[in-house]
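Not measured: the values here are computed from a predicted model. Within every chain, numbering begins at 1; the chains are lettered A, B, ... in the order of the sequence lines, protein sequences first and strands thereafter. Just so it is clear, the values below take in all heavy atoms, side chains as well, and ignore hydrogens, waters and symmetry mates.
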2 protein chains.
Amino acid sequence: MPDPISDPIDTKQSLLDAAEALIAERGVAGASLRAITTRAGTNLAAANYHFGSKKALARAVIARHLRPINAERLRLLDAAEDEADDRGPDLESLVNIFVGPVVRFGREMPDRGRHFAQICGRAMTQPDPMLRESLLGELAEAIQRFTKAFARALPELSPEELLWRMQFMVGAMAHTIAGSQMIEAIHGDTLDTRDLDGIVERMVRFLCGGLAAPMEGSR
Amino acid sequence: MPDPISDPIDTKQSLLDAAEALIAERGVAGASLRAITTRAGTNLAAANYHFGSKKALARAVIARHLRPINAERLRLLDAAEDEADDRGPDLESLVNIFVGPVVRFGREMPDRGRHFAQICGRAMTQPDPMLRESLLGELAEAIQRFTKAFARALPELSPEELLWRMQFMVGAMAHTIAGSQMIEAIHGDTLDTRDLDGIVERMVRFLCGGLAAPMEGSR
DNA sequence: GCTTGAATCAAACGTTCGTTTGAATTCTAC
DNA sequence: GTAGAATTCAAACGAACGTTTGATTCAAGC
């Protein structure tokens, strides 16, 4: 007799939750369908019935939260551009809008949010092109919009220099949310790596300084 | 009759080269021992004979170049601290020493260097703790030395703030050398992602700006 | 009450993986 | 030249993987 309380209200959702947690913990290759379906309280066939394949399941895990997060980003960008004068939103606002929603997403859903952020941070440099491109596809529009906005806020930068600085920004962000294993391994006892608001503040400060760095070594 | 020219002069070295290229391309999990040994012109047993296991082979791939690179970093740091006045080396010198040897390593050995950098960039956030910790072990001394040096060059930062900023710096660096798939996928036709010297220059500018960013929003 | 389609399940399939084995070969030193 | 260690090789092993199959359960719709 199955437990009527924790009954699988929605098998699909349970599979996504289990996959999210296990992929975050062990990576895509390390999270077997058997482990995922066991954790979800179902079986192998169910995963293939609902998603068709393991890769499709992984893609669904990414898309589930990334889509609303990116929508939120673009919504905030729209609002900021409406409010700003004709020079556009200032740098700090843009960085906050770009970085904040992703990192802060972990606050509303502490576990799932953190897992999701880890997966996305890793997916950017993942060898599997399928997964990487599915992530980039979700991000493409946001990247284009933000590139234009940053170009307006940083008119003294050449287009090339701006693209590279955005690359560095994404790297700092992705690496930090992918898990701060390094900083935890070395100073885990003295630092609070769960104070997401504080981390966002620090990251925004750093990124603004980097993005606005002068081109010539005028020290 | 085996080709006397490309004969396996050193099976161990061939295995390291093949593993390096394939792990960079497909990741540790995606690079099978069969693919590695075939590329190296030998067979499965040879890999286990020389390295004992696949994980040990992966660790050897990381250690082979990382150890001399870190030695070079520390050597440059020593030299800079000898030359500097009692305030220690300035920020730009430190960033150059920290970032330069890793990225520029790709110039001397174009293919192997790039592959190795990709592997290291990925290993930092890799789910496999074995590989991650072996990388962190190699880096531990360098990180401690550079933390002290940066603290001297940036006396206005609290220890916490400095650690986070170094975390962001490592992230920007790791993500960039892990492969600029994102920037290439979006603007691959207009940017030269192989001009390593130029990238180092740009990265140093960005990182100096970020590391030295003011703590208060004094705009 | 029977039918239909979606959903779940245990079981098995075929493949690929890392590792091991034992014989063959090559190299080295006496 | 030969003994002995080091190295290479083809073949096989057992485990784990993603996927498929066919039977079974369940909830509506007529």
Q | Identified side-chain contact (heavy atoms from CB on, under 4.5 Å) partner of A:Glu92 from the options A:Asn96, A:Leu94, A:Val95 | A |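 That would be A:Asn96; it is the only one of A:Asn96, A:Leu94, A:Val95 passing the side-chain contact (heavy atoms from CB on, under 4.5 Å) with A:Glu92.
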Q.
Measure CG/B:Leu33 against P/C:dC17 and give the value in whole Å, please.
A.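 Rounded to whole Å, this separation is 9 Å.
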Q. Rounded to whole angstroms, how far apart are CG on A:Leu15 and P on C:dC9?
A.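 It works out to 10 Å between those atoms.
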Q: Write out all pairs satisfying salt bridge (Lys or Arg N to Asp or Glu O under 4.0 Å) with one or both partners inside residues 23-36 of chain A, taking only residues at least two apart or from two chains.
A: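 Found none.
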Do [X] and [Y] have side chains that get closer than 4.5 Å, going by heavy atoms?
X: B:Ser14; Y: B:Thr42; result: no
X: A:Leu15; Y: A:Thr11; result: yes
X: B:Cys120; Y: B:Val102; result: no

Q | Contact state string [nucleotides 21-28 of chain C, B base, S sugar-phosphate only, - no protein heavy atom under 4.0 Å] | A | B-------
**Q.** Any pair counted as ring pair (Phe, Tyr, Trp, His ring centres under 6.0 Å), so long as it reaches residues 119-146 of chain A, sequence neighbours left out
**A.** A:Phe98-A:Phe146
Q | ring pair (Phe, Tyr, Trp, His ring centres under 6.0 Å) partners of residues 55-82 of chain B, not counting sequence neighbours, each pair once | A | B:His65-B:Phe105, B:His65-B:Phe116
Answer yes or no: does a side-chain N or O of [X] lie under 4.0 Å from OP1 or OP2 of [N]?
X: A:Thr42; N: C:dC9; result: yes
X: A:Ser32; N: D:dC17; result: yes
X: B:Asn48; N: C:dT19; result: yes

Kindly list each side-chain donor-acceptor pair under 3.5 angstrom involving residues 202-210 of chain B, sequence neighbours excluded, with atom names and distances?
{"residue": "B:Arg202", "atom": "NE", "partner": "A:Glu161", "partner atom": "OE1", "Å": "2.7"}
{"residue": "B:Arg202", "atom": "NH2", "partner": "A:Glu160", "partner atom": "OE1", "Å": "3.1"}
{"residue": "B:Arg205", "atom": "NE", "partner": "A:Glu161", "partner atom": "OE2", "Å": "3.3"}
{"residue": "B:Arg205", "atom": "NH2", "partner": "A:Glu161", "partner atom": "OE1", "Å": "3.0"}
{"residue": "B:Arg205", "atom": "NH2", "partner": "A:Glu161", "partner atom": "OE2", "Å": "3.4"}

Residues which pass side chain to side chain donor-acceptor pair (under 3.5 Å) with [X], listed by chain and number, not counting sequence neighbours:
X: A:Asn70; result: A:Arg73
X: A:Arg64; result: A:Asp17, A:Glu20
X: B:Asn43; result: none

Nucleotides 23-28 of chain D: which of its N/O atoms have a protein N/O under 3.5 Å away?
none

Q: Pull out every residue in residues 49-60 of chain A that has a heavy atom closer than 4.0 Å to any atom of DNA chain C, ordered by number, or say none.
A: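 Under 4.0 Å from DNA chain C: A:Tyr49, A:His50.
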Q | Close residues, residues 17-24 of chain A, relative to DNA chain C [heavy-atom separation under 4.0 Å] | A |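 DNA chain C contact set from residues 17-24 of chain A: none.
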(Q) Just to verify, which of B:Arg132, B:Arg59, B:Arg67 counts as forming a salt bridge (Lys or Arg N to Asp or Glu O under 4.0 Å) with B:Glu138? (A) B:Arg67
Q. Between A:Asn43 and B:Ala29, who's closer to the 5' end of DNA chain C by nearest nucleotide?
A.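 In this pair, the answer is A:Asn43.
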Q: Name the closest nucleotide to the A:Arg34 side chain, picking from D:dG18, D:dA12, D:dC9.
A: D:dG18
Q: Kindly point out which of C:dT19, D:dG18, C:dT8 is positioned nearest to the side chain of B:Leu44?
A: C:dT19
Pair up each side-chain donor or acceptor in residues 46-56 of chain B with any protein partner under 3.5 Å, not counting sequence neighbours, and list the distances.
{"residue": "B:Ser53", "atom": "OG", "partner": "B:Ala56", "partner atom": "N", "Å": "3.2"}
{"residue": "B:Lys54", "atom": "NZ", "partner": "B:Val28", "partner atom": "O", "Å": "2.9"}
{"residue": "B:Lys54", "atom": "NZ", "partner": "B:Ala31", "partner atom": "O", "Å": "2.9"}

